[in-house]
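Written below as structure tokens is the structure these notes are about.
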There are 2 protein chains.
Amino acid sequence: MKTALSAIERFTRYQTDDAQSVEPVYCPVRDVLDRIGDKWSMLMIMTLATRPQRFSELRRAVRDISKRMLTQTLRDLERDGLITRHVFPTKPPSVEYRLAPLGQSLLEPMASLIDWADHRFADIHAARASFDGAQADVPR
Amino acid sequence: MKTALSAIERFTRYQTDDAQSVEPVYCPVRDVLDRIGDKWSMLMIMTLATRPQRFSELRRAVRDISKRMLTQTLRDLERDGLITRHVFPTKPPSVEYRLAPLGQSLLEPMASLIDWADHRFADIHAARASFDGAQADVPR
DNA sequence: AGGGTAGGTCTAATATAGAGACTTAGGCCC
DNA sequence: GGGCCTAAGTCTCTATATTAGACCTACCCT
């Protein structure tokens, strides 16, 4: 918990202060969170964690992503150096994606998030159910 | 790294298998990631990490969120038991949001993500710059 | 009496995502 | 040797999500 708070306090320092007054306050956490905190990026990283995979394998693994978003997500991850893209000159060409070292380094922190998700999702669902049940007559 | 992979392998098991064939495969990781992996949730949790805060404090802390999304994000987090909402009968009423224990428990895993962001964002920007530079004439 | 505040809700405008047709060139079947 | 398939995209059109900003209620201050 000590570690947690120190990291988070470091973050809040970006948020507060006079930094506020000046315009698009630059916050690395926001930056990175906006990047990997989108709908598909983490999922891609996790899917690529076990082994390199080709475009259509990825599509099969994450069945509800559209081609368009898959392309875009992979491109963005490549751009940020988290994955690499390898084209093989077969016909039709096959394209393999794999985690770059930077992407590998993300696995550890992401794993702890997954652990959390795994352990707590029951609690979340319980809370959700009770909230929805209680909503009957509570005005806002 | 050992821990990382075990968590992630546990995850991939949901993705693969025959689970595939049956419809909306239920995967707790997807579930939770879709929840906290949206644009604002993590940011809210982090902002509330240091202390409970009121609606307008949160809005000031995260300057670029709209009222509408702030309301909605807070409501969803409350629904999932990550934060609690307390109305004080002042006039006009003030409403304070604070982390629930479940939300607290998310701080630790999130902190390791923040650490990663903090340490690596320079690498990410370097990769991004070099990718953008190289894009001049590479056809896809 | 006029203006300000807190915590919202509502509507219209805009940005983002999804579905699915189209592309290119070779391999496979009959 | 014509028809159909595949891989990895792209393109267009539509649907959904997000934003900006007006509006609301009740009180306090000057």
Side-chain angles (χ1 to χ4, degrees), chain A residues 23-25 30 33-44 47-48 51-80 83-98 131 135 137-140, chain B residues 23-25 30 33-44 47-48 51-80 83-98 131 135 137-140:
Chain A
E23 270 304 278
V25 190
R30 274 300 296 273
L33 231 53
D34 284 353
R35 188 65 275 291
I36 66 165
D38 67 9
K39 197 169 179 187
W40 305 112
S41 293
M42 293 222 221
L43 229 40
M44 281 303 135
T47 306
L48 288 172
R51 61 188 164 84
Q53 288 184 65
R54 290 170 55 185
F55 188 86
S56 34
E57 289 181 288
L58 289 169
R59 215 154 104 74
R60 277 189 291 275
V62 182
R63 300 165 321 294
D64 51 347
I65 193 173
S66 65
K67 280 173 158 194
R68 194 174 169 284
M69 284 316 289
L70 181 54
T71 306
Q72 192 178 118
T73 304
L74 291 171
R75 197 93 80 219
D76 289 346
L77 290 173
E78 185 195 2
R79 175 167 182 257
D80 287 353
I83 66 176
T84 54
R85 178 174 181 270
H86 308 270
V87 183
F88 297 102
T90 57
K91 294 287 180 160
S94 41
V95 180
E96 190 180 80
Y97 294 91
R98 56 180 68 196
F131 185 90
Q135 275 326 74
D137 35 24
V138 177
R140 287 278 166 178
Chain B
E23 271 305 278
V25 191
R30 276 299 296 272
L33 233 52
D34 283 353
R35 190 63 273 294
I36 65 163
D38 68 9
K39 197 168 178 186
W40 304 112
S41 292
M42 293 223 222
L43 228 39
M44 281 302 135
T47 306
L48 288 172
R51 61 190 164 82
Q53 288 183 66
R54 292 170 55 183
F55 188 86
S56 32
E57 290 181 288
L58 290 170
R59 215 154 103 76
R60 276 189 291 275
V62 182
R63 300 165 320 293
D64 50 347
I65 193 173
S66 65
K67 279 172 159 196
R68 196 175 169 284
M69 285 315 290
L70 181 54
T71 305
Q72 192 180 114
T73 303
L74 291 170
R75 196 93 80 217
D76 288 346
L77 290 173
E78 184 194 3
R79 175 167 181 255
D80 287 353
I83 66 175
T84 54
R85 178 174 180 271
H86 308 271
V87 183
F88 296 102
T90 56
K91 294 288 181 161
S94 40
V95 180
E96 189 180 79
Y97 294 90
R98 56 179 69 194
F131 184 91
Q135 275 327 74
D137 35 24
V138 177
R140 287 278 166 176

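All chains are named by letter (A, B, ...) in the order of the sequence lines, taking the proteins before the strands, and each is independently numbered beginning at 1. If you're wondering where the values come from, they're calculated on a predicted model, not measured in any experiment. Only heavy atoms go into these numbers, but all of them, side chains included; no hydrogens, no water, no symmetry mates.
In this structure, A:Asp38 atom CG and D:dA17 atom C1' are separated by 15 Å, rounded to whole Å. Straight-line distance from the CZ atom of B:Arg63 to the C1' atom of D:dT19: 16 Å, rounded to whole Å. Rounded to an integer number of Å, the gap from A:Phe88 CZ to D:dG9 P is 13 Å. Atom C1' of nucleotide C:dT5 and atom CZ of B:Arg60 are separated by 11 Å, given to the nearest angstrom. When the P atom of C:dG8 is taken as reference, atom CZ of B:Arg59 falls 12 Å away, rounded to whole Å. Rounded to an integer number of Å, the gap from CG of A:Leu58 to P of D:dA7 is 13 Å. As a whole-Å value, the separation of B:Asp64 CG from D:dG21 C1' is 16 Å. Summarising the geometry, the separation between CD on B:Gln72 and P on D:dA20 is reported as 15 Å, rounded to the nearest angstrom.
Closest approach to the B:Phe55 side chain among C:dG7, C:dA19, D:dG9 is made by C:dG7 (side chain taken as heavy atoms from C-beta onward). Nearest to the side-chain atoms of A:Ser56 among the listed nucleotides D:dA8, D:dA20, C:dG18 stands D:dA8. Here the side chain of B:Arg54 is nearest to one of C:dG18, C:dA6, C:dT9, namely C:dA6. Closest approach to the B:Arg85 side chain among C:dT9, D:dA7, C:dG7 is made by C:dG7 (side chain taken as heavy atoms from C-beta onward).
Looking only at side-chain heavy atoms (C-beta outward), B:Arg75 and B:Arg79 stay at 4.5 Å or farther from each other.
Nearer the 5' end of DNA chain D, as judged by each residue's closest nucleotide, is the contact made by A:Glu96, out of A:Glu96 and A:Arg68. When the nearest nucleotides of DNA chain C are assigned to A:Pro92 and A:Ile65 by heavy-atom distance, the more 5′-ward of the two goes with A:Ile65.
With respect to B:Arg35 and B:Asp80, a salt bridge is recorded, a charged nitrogen being found less than 4.0 Å from a carboxylate O.
Phosphate contact (OP1/OP2 of D:dC11, side-chain N/O of A:Lys67, threshold under 4.0 Å): absent. Within the structure, a side-chain polar atom (N or O) of A:Lys39 is placed less than 4.0 Å from OP1 or OP2 of C:dG18. Applying the 4.0 Å criterion to OP1 and OP2 of C:dT9, one finds that B:Arg75 has a side-chain N or O inside that range. When the side-chain nitrogen and oxygen atoms of A:Trp40 are compared with OP1 and OP2 of C:dG18, one or more of them lie within a distance under 4.0 Å. Phosphate contact (OP1/OP2 of C:dA6, side-chain N/O of B:Tyr97, threshold under 4.0 Å): absent.
Atom CD1 of B:Ile83 is separated from atom OH of B:Tyr97 by 6.5 Å, given to the nearest 0.5 angstrom.
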**Request:** I would like to know whether A:Arg59 and A:Glu57 meet salt bridge (charged side-chain N to carboxylate O under 4.0 Å, His left out); could you show each step before the answer?
**Result:** CA-CA 5 Å; A:Arg59 215 154 104 74; A:Glu57 289 181 288; over 6 Å; no
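In this model, a donor atom of one side chain and an acceptor atom of the other lie less than 3.5 Å apart for A:Ser41 and A:Asp38.
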